[in-house]
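Structure first, then comments.
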Amino acid sequence: QVQLVESGGGLVQPGGSLRLSCVASGDTIGNYATAWFRQAPGKEREVVTARRWKFGTTWYADPVKGRFTLSKDNAKNTVDLQMNSLQPEDTAVYYCAAGSGLISSRLRDEDAYGYWGQGTQVTVSS
């Protein structure tokens, strides 16, 4: 069983960058499919990016393609989200999630993820 803790959120001006980190304990994060979700005020939680680390490529939601990059640090046992060119519409609580045994068709399904962090707030404002 894996436990997840996010960090790196904060307040940033439009056009700025943040790097979110999700540190895993209890297991190796690479053994899981991992995703970052976000939930803006008054909106449903949505998937931002996801990947099964043993297979395939990284999936990105259209609004973040070319701006966000998902990566994994094996030494630190973290999954990181580099966010560039941030815009006010990126303001949300960002959640790291992990799931085991996911098939590719369920990568964007939050119900497929059994492990969640507590979330970290990202606010993009001038």
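Side chains are part of it too, since the values below use all heavy atoms of this structure and drop only hydrogens, waters and symmetry mates. Every value quoted in this text rests on a predicted model; they were computed, and no experiment measured them. One is the number of the first residue; the rest follow in order along the sequence.
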Do Leu18 and Val64 share a hydrophobic cluster (ILVMFWY, side-chain heavy atoms under 4.5 Å, transitive)? yes
Polar side chain donor-acceptor pair, Asn84 to Ser17, under 3.5 angstrom: yes
For residues 12-26, which residue pairs pass the salt bridge (Lys or Arg N to Asp or Glu O under 4.0 Å) check, not counting sequence neighbours? Arg19-Asp80
Return each pair, listed once, that meets salt bridge (Lys or Arg N to Asp or Glu O under 4.0 Å) where at least one residue sits in residues 112-126; pairs must be two or more places apart or across chains. none
The criterion is salt bridge (Lys or Arg N to Asp or Glu O under 4.0 Å); which residues satisfy it with Asp109, sequence neighbours excluded? Arg106
Residues passing the side chain to side chain contact (heavy atoms under 4.5 Å, CB included) test with Thr49, sequence neighbours excluded, are Trp36, Thr58, Tyr60, Leu70, Leu81
Donor-acceptor contacts, no H, no angles, side chain residues 111-123, under 3.5 Å, sequence neighbours left out:
unit_1 : atom_1 : unit_2 : atom_2 : d
Tyr113 : OH     : Leu107 : O      : 2.6
Trp116 : NE1    : Tyr113 : O      : 3.0
Gln118 : NE2    : Glu6   : O      : 3.2
Thr120 : OG1    : Gly9   : N      : 3.2
Gln121 : NE2    : Ala92  : O      : 3.4
Gln121 : NE2    : Thr123 : OG1    : 3.3

Nearest heavy-atom pair of Ile29 and Leu4: which atoms, and what distance? CD1-CD2, 3.9 Å
Cation over ring face, Arg38 and Tyr95, 6.0 Å, 45°: no
Sorted by chain and residue number, the salt bridge (Lys or Arg N to Asp or Glu O under 4.0 Å) partners of Lys65 (sequence neighbours excluded) come out as Asp62
Given 3.5 Å as the limit, does a donor-acceptor pair link the side chain of Arg52 with the main chain of Leu102, or not? yes
Glu110 side, atom CD; Phe37 side, atom CZ - distance, nearest 0.5 Å: 5.5 Å
